[in-house]
Amino acid sequence: MAPSFDNESSLFNFVVRDGNGVKGIVDSGISKVPQAYIQPTAEQIVKKNASKCEIPPIDLSKLNGPDHDEVVNQIVRAAETLGFFQVVNHGVPIQLLDSLKQTAHNFFSLPAERKAVYRKEVSPSPLVKYGTSFVPEKERALEWKDYISMAYTNDDEALQQWPIECRDVALQFLKTSHEMVRNLLEALLGNLGEELDDSKIDAFIGKKMVNMNFYPTCPNPELTVGVGRHSDMGTLTILLQDGIGGLYVKVPEDVDMEKKGEWVEIPPIPDALVINVGDMLQIWSNGRYKSAEHRVRTTSTKSRVSIPIFTSPLPTQKVAPLPQVVKKDGVAHYKEFVFSNYMNSFFGNAHDGKKSLEFAQINSN
């Protein structure tokens, strides 16, 4: 039997500790959002106030032809402004994208006890974690999201340790997107005067993780968020979103674009993947590339899924602005640090916009 969702500790135990997640609340037949999920007014997303991002997707098949330089310029321009862009003809099979979305729905439809075995405290594998919200213990208001997270080490461990219900398609997604990620990184680093070769690639994307996110239908979408304001901590994120929409990005104040400081929706484009710049690329570029501040709205009509691949440096990797960029800029805006320390800081706090970058920032005053 579901607990009283008005009692914060019994709700927390039901959702977090017992692994029922937000889906467990929705399945119990609630008609209104529990208090623990109601965001402060400043964090609520007013759909009618947001415009759609009308930037057309980038056709990556043109990287192999006479339009190569123009496509590289499109990628660089997107990274320097919004930090978000969409790509088509990316090399990931379209049937696989459909399978991924269906597999995510199937996984979250499993009984709670089948998912709860992967809770961080009891998971049989250090590579797999099932959870809800972001850092529930630290959040003023919980986020309306459940997820399964699968860290990649090698194919054998993924096949042995990732959940049987989603391991095959998740691993295929990771493998079939690798060439695209490499091409994007080559374009972005090449623009900074850094050549990407096999000996360097792990320094930039040696750590990879596939998540499946589930945003159940919500009776009061205007009071909640699926994910709060944040930027991703890694290098590049590759996101498959479904057709429902709800992903919003903040236009930075310091770029030459319309709608500065406003939130714009990244509309779903059939068969496209969404790419966003993470904090590490902002740091390597000394602030030239913008890690995108983004958030997710919930919906009352259909449950939404998204499947991101997070790429980042190996935890032991030292990170600092690239020396050739600092030389050109005349000053480093970020200090050197070990990536695992940045990760600890990122996961030790609730989502709060781009505050995560303060860990590495050198104050200029």
Side-chain angles (χ1 to χ4, degrees), residues 2-53 104-105 108-109 112 131-147 211-232 239 241-251 259 261-268 292-306 308 349-355:
S4 157
F5 293 133
D6 296 330
N7 177 314
E8 211 147 307
S9 73
S10 67
L11 174 131
F12 188 89
N13 290 342
F14 176 81
V15 173
V16 179
R17 192 197 63 194
D18 301 339
N20 289 288
V22 182
K23 186 170 190 300
I25 302 178
V26 174
D27 289 349
S28 74
I30 56 159
S31 57
K32 66 181 195 341
V33 166
Q35 184 64 40
Y37 286 91
I38 297 178
Q39 294 286 330
T41 310
E43 300 299 334
Q44 293 171 6
I45 303 173
V46 184
K47 192 176 182 181
K48 67 175 191 295
N49 290 357
S51 57
K52 283 191 166 39
C53 176
H105 276 290
F108 290 101
S109 297
T132 189
S133 200
F134 178 60
V135 189
E137 300 78 11
K138 301 237 176 159
E139 289 162 341
R140 284 175 304 178
L142 296 170
E143 298 176 352
W144 197 263
K145 177 186 92 165
D146 300 333
Y147 67 89
N211 277 25
M212 289 185 170
N213 298 326
F214 184 70
Y215 305 94
T217 52
C218 178
N220 314 98
E222 68 288 350
L223 300 179
T224 58
V225 297
V227 181
R229 298 177 298 109
H230 72 290
S231 56
D232 291 346
L239 177 79
Q241 60 170 343
D242 62 17
I244 292 168
L247 173 62
Y248 291 80
V249 181
K250 191 175 188 182
V251 181
K259 303 175 182 167
E262 290 182 32
W263 289 92
V264 294
E265 185 173 7
I266 304 292
E293 183 178 349
H294 55 288
R295 60 186 183 175
V296 174
R297 188 179 190 272
T298 58
T299 171
S300 59
T301 49
K302 273 185 179 170
S303 295
R304 175 179 183 267
V305 293
S306 68
N349 296 288
H351 283 147
D352 190 6
K354 292 187 66 167
K355 209 168 187 305

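All of these numbers come straight from a predicted model, not from anything done at the bench. Here, residue 1 is the first one in the sequence, and each next residue gets the next number.
- In this structure the side chain of T301 never reaches within 4.5 angstrom of the side chain of T217, judged on heavy atoms.
- Here the NE2 atom belonging to H105 is positioned 10.0 Å from the CZ atom belonging to R304, to the nearest 0.5 angstrom.
- Across C53 and P267, no two heavy atoms sit closer than the pair O-CD, 3.5 Å.
- In terms of modelled atom types and a separation under 3.5 Å, the side chain of W144 and the main chain of V22 share no donor-acceptor contact.
- Between the side chain of N20 and the backbone N or O of V15, no donor-acceptor pair lies under 3.5 Å.
- The nearest pair of heavy atoms linking P216 to S303 is CA-OG, 3.6 Å.
- Of the possible polar contacts, none joining the S306 side chain to the N213 backbone as a donor-acceptor pair under 3.5 Å is found.
- Remark: the backbone N or O of V33 is paired with a side-chain donor or acceptor of N220 at under 3.5 angstrom.
- In this structure, CH2 in W263 is found 4.5 Å from CZ in R295, a value given to the nearest 0.5 Å.
- Note: H294 and H230 have tilted aromatic rings, judged against thresholds of 30 and 60 degrees for the angle between ring planes.
- One distance of note links CZ of F214 with OG of S109; it measures 6.0 Å at 0.5 Å rounding.
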Step-by-step side chain to side chain donor-acceptor pair (under 3.5 Å) determination, T298 to T224 = CA-CA 7 Å; T298 58; T224 58; 2.8 Å; yes

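- With rounding to the nearest 0.5 Å, the separation of OG in S231 from NZ in K250 is 11.5 Å.
- Between V296 and Y215, the closest side-chain pair of non-hydrogen atoms falls below 4.5 Å.
- Within the model, atoms CG of D242 and NZ of K302 stand 8.5 Å from one another, a figure rounded to the nearest 0.5 Å.
- Between I30 and P219 there is a side-chain heavy-atom pair separated by less than 4.5 Å.
- Here the closest non-hydrogen pair linking F108 and M212 is CZ-O, 3.3 Å.
- Atom CG of residue D146 and atom OG1 of residue T132 lie 4.0 Å apart, to the nearest 0.5 angstrom.
- Checking side-chain atoms of E265 against main-chain N and O of G246 turns up a donor-acceptor pair under 3.5 Å.
- No donor-acceptor pair under 3.5 Å is formed between the side chain of N211 and the backbone N or O of Y147.
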